[in-house]
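For reference, the structure discussed in these notes is given below.
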Amino acid sequence: MQEIHTAHGALKLPAFLPDATRAVVKGLDSEDLRRCRVEGLVVNTFHLLNSYLANFIADAGGIHRFMDWQAPVLSDSGGFQVMSLIRENPRYGRILRDKVIFRNEQERKIVLTPEKCIQLQLKLGSDIVMCLDDCTRPEDALDQQEQSVSHTVAWAGRCKQEFERLTQGRASKPLIFAIIQGGSEKGLRELCASELIKIGFDGYGFGGFPVDREGALLSEILEFTAGLMPCASPKYAMGVGSPRYLVECFRMGYRLFDCVIPTRDARHKKLYLFKEGGSEIAGLQGDFLDQLYMDNPRLMKDEAPVSSVCGCGLCSRYSRAYLYNLFKHDEGLAVRLASTHNLYFYNQLIDILRGAEREGA
Ligand SMILES: [Zn+2]
């Protein structure tokens, strides 16, 4: 089984990392996360930078101390958010060959360069840093996809150089991952991957949106791109995803995942369950997934736990009726317990995939 070794311990793959966007997984603290068996987190460089938190966290001794989280942290580059906002609405700024100029809602100007992006992630104390990339949507025009690949490769070279300069002589270095862009164009994905592999990185991510505007997984290009990544390096399906998509990407060879879905769905009263016997199905063939919506009045007097095969803090102590009533009265505890359950579910899913990996599925 592949492992990623970091200064904050080894991360076994496959792994699912919840998004602690602004240094918090919504509704949960680090003790809750440990109880859900979470093994690593993703923080969002752009949101930290945009909210003035980045420099404060750096001065306060880094992200691990700030969050009281002593396990691996991956920081994204911020590229995805910045580029998406600018491409949706040019009032947010401009993407230039050597930098990105972003203006936030308060008209504050943020200039992001590849060097600054690496400096910032290292100052946060991240264990896995991501290169700045130029993110597109799959339906963007060919010239935009070409420009995105050209920027992504040039910026990755500058990121690597800055990373080497700043970590030279360190006994323990973080890892640096690059992101493969190219939209739905296989030729561009090939070009981007081969140029990034020439520079050399510790891992590679699938860049751009993994789903279309209707939310359907872009399976063909995801699988093609996974095939371009070196087998010895972790393959990261960024922003993936729902339980079904996570399993689909695992089959393609991806081993690292992150997404807001489990906690966002929990806030919207949607809880994940395995279909009866689903948690024992090796490799999760067939449809393994069930969902429980906590606004269903039939749950008002349901004394059963949300799931009888879950060991989370919700299922081991409380009934469906209890959670239903917490949601009904907008109690903050509802979100905490529901999020706990969904993250625990994801880690049960990861356990099953690790089992499948061991058996060579
Ligand atoms: Zn549970």
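Indexing begins at 1, ligand by ligand and atom by atom, following the structure's order.
With ring centers used as reference points, Phe345 lies under 6.0 Å from Phe274.
Annotation: cation-pi pair Arg137/Phe209 present, NZ/CZ under 6.0 Å from the ring centroid and within 45° of its normal.
Scanning for side chain to side chain donor-acceptor pair (under 3.5 Å) contacts around Arg189 gives an empty result, with sequence neighbours left out.
Nearby protein atoms of type N, O or S around the Zn ion (ligand 1) amount to 4 (distance under 2.8 Å).
Within the model, atoms CD of Gln121 and SG of Cys131 stand 8.5 Å from one another, a figure rounded to the nearest 0.5 Å.
A salt bridge is defined here as a Lys NZ or Arg NE, NH1 or NH2 lying under 4.0 Å from an Asp or Glu carboxylate O, and Lys198 with Glu195 meets this definition. Salt-bridge annotation for Asp19 and Lys26: absent, with no side-chain N of the basic residue lying under 4.0 Å from a carboxylate O of the acidic one.
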